[in-house]
Chemist: 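Shown below is the structure under consideration.
Residue numbers start from 1 in every chain, and the chains themselves are labelled A, B, ... in the order their sequence lines are given, proteins ahead of strands.
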Amino acid sequence: MAVTRHPYTTGSGTRGMFLSLREEVEAALREALSALSLPTADLGIEEPPEDVPAVLASSVAFRLAGERGAPPPEVASEIAAEVDVGECAYVTDVSTQGPYLNFTPAEAYYADTLTAAGDAGYGRLPAREESVVVEHTSANPTGPMHVGRARNPIIGDAISRTLDLAGYDVSRHYYVNDAGRQIAVFTWAAETFDEADLPAPERARADYDLVRYYRKGSSFLEDASDTEREAAESEIEAIMQGLEAGDEETHERVGRVVDRMLAGMRFSLDRLPVTFDEFVPETRFMRNGNTETIATRLEEDDRAFLEDGAWQLDLTDYGIEKELVFLRSDGTSLYTTRDLAHHEWKFERFDRAVTVLGEGHMLQASQLQAALSILGNDTDQLTDVLYSHVNLPEGTMSTREGTGVDLDDLLDESIARAREEVEDRLETRIRDDALDDGDVARIAEQVGIGAVRYDIVSKQPSKAITFEWDRALDFEAQSAPYVQYVHARTCGILAEAGLLEEGSDATNDDPLGALDAIPGDERPAGNGSERSDAAIDVEGIDPAVLETPEERALLETIARFPAAIEAAAADLAPHTVATYTREIAEAFNVFYRECPVLEAPEEVREARLALVVAARHTVANALWALGVAAPESM
RNA sequence: GGGCGUGUGGCCUAGCGGAGAGGGCGAGAGGUUCCUAACCUCUAGACCGCGGGUUCGAAUCCCGUCACGCCCGCCA
């Protein structure tokens with residue numbers, strides 16, 4: 001019996017029909033080329049343009065034309081004649097179109113896709129025995145999160161989710177900078193200045209409260225007289241020395257301020273929602289002596305030298321002109337020295353480490369990699385994902401100077417605009433499902449937050465973004481609501497068919513409850529028990545009745561989802577998942593227009609309902625990977 | 001000055017060696033007695049910054065050049 005069902009399934013996930021198809025095509029093509037005594041190094045597998053009725057194609061004939069002494073189309077025919085798809089479960093035919101070989105999927109390709117995507121966990125790849133720690137955000141605890149760095153948690157969280165779906169064992173870390181001069185200044189300022197001399201906080205929250213002291217301290221140091229400054233500097237210096245020496249009282253003083261600040265900042269992150277498995281304090285690596293050990297080990301390297309009393313590392317061997325200072329002349333460590341200890345700690349606990357950081361840290365990051373290598377680590381374990389900061393039209397955003405847009409303000413504004421949108425549409429709404437105030441609030445939250453996240457995650461991190469309100473908060477097509485709407489539409493149909501409990505995600509007054517549509521930190525697991533779901537019995541369904549081009553195109557798009565996750569995980573490129581969501585949303589909308597579901601004849605109706613279920617799972621899980629809510633109604 | 005990154009229709013963006021360069025916004029024209037029109041269809045608009053090169057084939061690779069961004073602290 002030919003095994004056509006989930007041939008690559010292990011554990012709870014499946015790699016999907018598209019990847020299976022690709023492997024079959026590769027094998028069949030390789031075999032044909034061998035039979036013709038042609039090289040098989042480059043098979044030229046690619047996805048054909050939209051109007052070509054094939055799922056995969058090959059352009060090998062171009063490359064082999066010279067060797068074969070015949071024009072590419074002729075070589076293509078020759079190869080096609082040799083290809084045997086008899087053993088393939090998912091390929092039914094190979095044909096040529098000029099120099100191209102086109103592979104047509106078999107009926108089982110569509111049938112198995114419909115079955116696989118009937119699982120609520122569709123898109124989850126089989127578990128790998130590989131742990132990854134994703135470090136992201138790690139913003140200095142000196143003030144509220146602002147938009148300039150907002151790409152970090154959003155990209156970092158999407159990478160974490162995508163790796164998770166792809167089968168990795170993922171941990172999310174926030175590395176807390178609770179050492180160093182900035183924090184010493186902050187602690188000194190918080191203990192020194194009087195609340196009465198400060199402006200009112202912008203919000204009643206610890207981070208907005210405390211940042212006033214930090215800003216006050218910074219401006220004081222700029223404007224102070226020499227004697228005032230010297231007095232302040234000696235206190236700041238004392239804090240830094242205390243931290244370096246592992247002094248318990250200093251650590252507590254700093255900790256009080258940092259912990260409060262961080263607790264405040266976490267409110268902003270929770271709204272996205274972005275959460276962490278662990279907050280790793282930088283001082284841990286000073287207190288446990290590892291930073292000191294690192295410095296000692298570095299001193300022993302030939303590339304280390306002492307200049308002006310400071311220990312440095314010559315990194316020209318690694319193509320880095322700028323030497324790395326790892327011990328100041330006063331014997332204290334620097335950020336990178338501690339980060340070295342931090343990374344060795346990560347390497348001991350995880351197979352791989354991914355760090356999401358702003359482009360400004362690039363030199364720093366390459367110095368870190370070089371030094372890690374000198375210390376004998378395998379730096380292939382570490383990958384940096386760099387993003388370009390979000391700037392204002394008038395310049396950069398700065399916590400210290402108080403220039404910039406707070407993330408909270410952006411989210412508030414986005415939700416407010418989304419709410420206006422929902423209310424405007426209420427009047428012309430056709431669907432008879434009587435949204436109540438709770439629904440309006442829920443939808444505004446899901447759409448407002450989703451739009452911000454989607455806007456950021458859908459772009460390549462390396463591209464610069466200049467922040468403009470209207471552009472960031474555009475709810476028109478090619479934004480989160482476009483995709484979210486498709487999910488709501490699938491749910492609408494399923495609810496109408498009695499396959500979904502209507503409004504199941506909308507029945508609470510808790511403002512955070514709106515976030516439940518993202519199954520919290522529960523992952524698409526495969527049992528679908530965490531949320532209302534349409535149980536469809538795929539057994540009695542004949543997928544062959546799904547024969548219109550729109551149905552086929554939608555199924556083909558659904559079939560590619562696991563491959564899209566795999567590629568996004570391999571490249572650490574969640575924006576490609578966003579591109580995918582756009583494609584499936586488009587395919588669904590065309591299907592929706594052309595193919596009535598509920599009014600269709602019995603057999604077609606059942607099959608189309610199964611297709612809607614499959615589309616829903618795919619869209620929901622793709623949005624999950626991006627950290628964008630999937631509303632059941634809007 | 002050096003290093004890294006980015007340059008795709010008026011604006012934003014995908015594609016990063018192969019089939020007339022996809023989308024979206026904006027502009028123009030249509031579509032709803034029918035599962036939610038936050039939707040769909042059509043039209044106009046691009047010598048993929050510029051100049052060379054490699055290749056059967058370049059937006060994609062290489063070299064040069066220009067523009068913009070970031071970095072070049074005993075800061076983080």
Chemist: How is Val422(A) classified with respect to the nucleic acid when contacts are heavy atoms under 4.0 Å: base, sugar-phosphate, or nothing?
Modeler: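 Base contact.
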Chemist: Please work out if Val447(A) contacts a base, only the sugar-phosphate, or nothing of the nucleic acid, heavy-atom cut-off 4.0 Å.
Modeler: base
Chemist: For Cys491(A), report the nucleic acid contact type (base, sugar-phosphate, nothing); a contact means any heavy atom under 4.0 Å.
Modeler: nothing
Chemist: Over 60° means perpendicular and under 30° means parallel, so classify the ring planes of His389(A) and Tyr387(A), tilted if in between.
Modeler: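 Tyr387(A) vs His389(A) ring planes: parallel.
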Chemist: When the distance from CD of Gln367(A) to P of C75(B) is rounded to whole Å, what number comes out?
Modeler: 13 Å
Chemist: Would you list the protein and nucleotides 14-24 of chain B atom pairs, both N or O, that sit under 3.5 Å from each other?
Modeler:
| unit_1 | atom_1 | unit_2 | atom_2 | d |
| --- | --- | --- | --- | --- |
| A14(B) | OP1 | Gln460(A) | N | 3.1 |
| A14(B) | OP2 | Lys463(A) | NZ | 3.0 |
| G15(B) | OP1 | His575(A) | NE2 | 3.2 |
| G15(B) | OP2 | Gln460(A) | NE2 | 2.8 |
| C16(B) | N4 | Gln460(A) | NE2 | 2.9 |
| G18(B) | O2' | Tyr100(A) | OH | 2.0 |
| G18(B) | N7 | Ser59(A) | OG | 3.3 |
| G18(B) | N7 | Arg63(A) | NH2 | 2.8 |
| G18(B) | O6 | Arg63(A) | NE | 2.7 |
| G18(B) | O6 | Arg63(A) | NH2 | 3.3 |
| A19(B) | O4' | Tyr100(A) | OH | 3.0 |
| A19(B) | N6 | Asn102(A) | OD1 | 2.7 |
| A19(B) | N1 | Asn102(A) | OD1 | 3.3 |
| A19(B) | N1 | Asn102(A) | ND2 | 3.4 |
| G23(B) | O2' | Gln478(A) | NE2 | 2.9 |
| G23(B) | N2 | Gln478(A) | OE1 | 2.8 |
| G23(B) | N3 | Gln478(A) | OE1 | 3.4 |
| G23(B) | N3 | Gln478(A) | NE2 | 3.0 |
| G24(B) | O4' | Gln478(A) | NE2 | 3.1 |
| G24(B) | O2' | Ala477(A) | O | 3.0 |

Chemist: Determine the interplanar angle of the Tyr175(A) and Tyr335(A) rings, folded into 0 to 90°, and report it as parallel if under 30°, tilted if 30 to 60°, perpendicular if over 60°.
Modeler: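 Tyr175(A) vs Tyr335(A) ring planes: perpendicular.
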Chemist: Would you say the side chains of Gln241(A) and Thr332(A) form a donor-acceptor pair under 3.5 Å?
Modeler: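 The answer is no; no qualifying pair exists.
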Chemist: Quick test: give all pairs of protein nitrogen or oxygen and nucleotides 67-69 of chain B nitrogen or oxygen below 3.5 Å, distance rounded to 0.1 Å.
Modeler:
none

Chemist: Using a cut-off of under 3.5 Å, enumerate the N/O to N/O pairs linking the protein to nucleotides 27-31 of chain B.
Modeler:
none

Chemist: Determine the interatomic distance between P on G24(B) and the same-named atom on A67(B); round to the nearest Å.
Modeler: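 Per the computed distance, 35 Å lies between those P atoms.
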Chemist: Considering only the P atoms, how many Å lie between C16(B) and G7(B), rounded to the nearest integer?
Modeler: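 Taking atom P in both C16(B) and G7(B), they lie 13 Å apart.
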